[in-house]
There are 2 protein chains.
Amino acid sequence: MRKRDINKEIIIREKAIEMIVHQGFDGLSMHKLAKASGVSVATIYIYFKDREDLIQSLYTEETKKMAEATLVNFDPESHFDIGLKVQWRNRLKYCLENPYSMTFMEQVKHSPLIDRSVMDRRFLDAMSKFVHTAIERKELIPLPVEIYWSIAFAPLYQLVKFHISKTSMPGREPFVFNDERTDQALSLVLKALKP
Amino acid sequence: MRKRDINKEIIIREKAIEMIVHQGFDGLSMHKLAKASGVSVATIYIYFKDREDLIQSLYTEETKKMAEATLVNFDPESHFDIGLKVQWRNRLKYCLENPYSMTFMEQVKHSPLIDRSVMDRRFLDAMSKFVHTAIERKELIPLPVEIYWSIAFAPLYQLVKFHISKTSMPGREPFVFNDERTDQALSLVLKALKP
DNA sequence: TATAACTAAACGAACGTTCATTTATATTTG
DNA sequence: CAAATATAAATGAACGTTCGTTTAGTTATA
């Protein structure tokens, strides 16, 4: 029995994400993907049931990678200020080191027909515990979780998008991340969320 | 000489946006769009140069509509608290009354190959003046515009997405907007941005 | 030698776009 | 006023291409 060449799957995944990032879902065709990956079209169907399964699988895997990166050095029991800072640092690091992954996921999140409900249990539990502990300790004001999330993280992702797109606001030079700006934004968020 | 039936263009635009919202850019084909609009394929090419021009035109028009809606009753000279509240109210109103338009624009914004630099001059000028006046009057702390934007509006749009998608955070009942929640979120944003 | 990995070629369907023709109507003509 | 004319709107059929997927056959290795 012949062994699978796992490099094949890896390169297919990479090229697929590249194609989607550069040309959108429109631009991802199985023929073009096969050619770009140096592989026969039929080979793709060994690793993925069909085109939809391919995209879904990409999303699931990238989501998992990001969730893992987000939890590095994160202690749900830590003080709210510290925990949120670690979260910001981890998410920022992942996004800047994996801009294709980030851009791909953003595209999926804003397009229909893909199941976005896949979420790592460990990740959700850690997040939930962190927030509830912080509220109990009065380090965070009590809030509906969506409002908390929208203020704690939406600004960060917006800034990442500014940074990655390099377009910034029209007519200005691009926004680039640095420690000072990150700290400034984070401190404003903390100001909003703390009692 | 025969007159154009402007209803045709309107219905083509509507159906195109519907198709993109429900089936993504993948799902928008000229044949299907023609059928859905009750029109011949060739007719679409009277109103739009090609598929790309169609999508670009949709985006330009929807952007313009939203910019106009955003400026209703907005006075760039007003106090920062008031101005931001009007902005929130206007954007929220537009998004909730035109969820297709909003969802379509979010999809375009997160997909490549479309020129997103089209922006209404009047809109940009009003925004710019509003921010600078507020900083001068010390009603708003001095900030890079991207950081200001990310904190002032990213949370609002994230909440709109929660509301529209009805998926909310996994495993919970959907987030629904009401005046109390809007005011709560806005007051946190103001807390972050005010000196 | 058995078996799964892998491939090239082929399938019908659907794609974006064009073209030759018909239809409707504003304008000109009688 | 009605008939003729001009012209752009509108069409259905057709174009060649590319699409997602399958199939029949080959290759590598446990």
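In what follows, every chain begins at residue 1, and chains take the letters A, B, ... in the order their sequences are listed. Just so you know, these numbers come straight off a predicted model, no measurement behind them.
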Do the side-chain N or O atoms of [X] get closer than 4.0 angstrom to the phosphate oxygens (OP1, OP2) of [N]?
X	N	answer
B:Ser29	C:dA14	no
A:Tyr47	C:dC6	yes
A:Lys8	C:dC6	yes

Check [Y] with [X], please: is the shortest side-chain N to carboxylate O separation under 4.0 Å?
X	Y	value
B:Glu106	B:Lys161	yes
A:Lys93	A:Glu97	yes
A:Glu68	A:Lys65	no

[atom1] of [X] versus [atom2] of [N]: gap in Å, rounded?
X	N	atom1	atom2	value
B:Leu33	C:dT17	CG	P	12 Å
B:Ile46	C:dT23	CD1	P	15 Å
B:Phe25	C:dA14	CZ	P	22 Å
A:Ile12	C:dA5	CD1	C1'	12 Å
B:Asp53	C:dT17	CG	C1'	14 Å
A:Lys35	C:dC6	NZ	P	20 Å

For B:Leu54, answer base if it contacts any base atom (sugar-phosphate contacts may also be present), sugar-phosphate if it contacts only those atoms, and nothing otherwise; contact means non-hydrogen atoms under 4.0 Å.
nothing
Between B:Asp5 and A:Arg51, which residue's closest nucleotide on DNA chain D lies nearer the 5′ terminus?
B:Asp5
5'-most to 3'-most nt of DNA chain D touching chain A (<4.0 Å, heavy-atom partner on protein side) reads D:dC19 to D:dA30
Looking at C:dC6, C:dT17, C:dT23, which one has an atom nearest to any side-chain atom of B:Arg2?
C:dT23
Closer than 3.5 angstrom, by distance alone: can the side chain of A:Ser128 be matched with the main-chain N or O of A:Asp125 as a donor-acceptor pair?
no
Test your reading of the model: is there a side-chain donor-acceptor pair from A:Lys194 to the backbone of A:Glu139, 3.5 Å cut-off?
no
Row check, B:Tyr157 ring normal vs B:Arg91 NZ/CZ: under 6.0 Å, within 45°:
no
N/O contacts under 3.5 Å, protein versus nucleotides 8-11 of chain C?
residue: C:dA8; atom: N7; partner: A:Ser40; partner atom: OG; Å: 3.3

Scan the side chains in residues 10-19 of chain B for donor-acceptor partners under 3.5 Å anywhere in the protein, sequence neighbours excluded, and list what turns up.
residue: B:Arg13; atom: NE; partner: B:Glu61; partner atom: OE1; Å: 3.4
residue: B:Arg13; atom: NH1; partner: B:Glu9; partner atom: OE2; Å: 2.4
residue: B:Arg13; atom: NH2; partner: B:Ser57; partner atom: O; Å: 3.2
residue: B:Arg13; atom: NH2; partner: B:Ser57; partner atom: OG; Å: 2.4

Quick one: do A:Glu77 and A:Phe130 satisfy side chain to side chain contact (heavy atoms under 4.5 Å, CB included)? Show the steps, please.
CA-CA 6 Å; A:Glu77 310 263 17; A:Phe130 174 60; over 6 Å; no
In the structure I gave you, are the side-chain heavy atoms of B:Lys109 and B:Tyr59 within less than 4.5 Å of one another anywhere?
yes
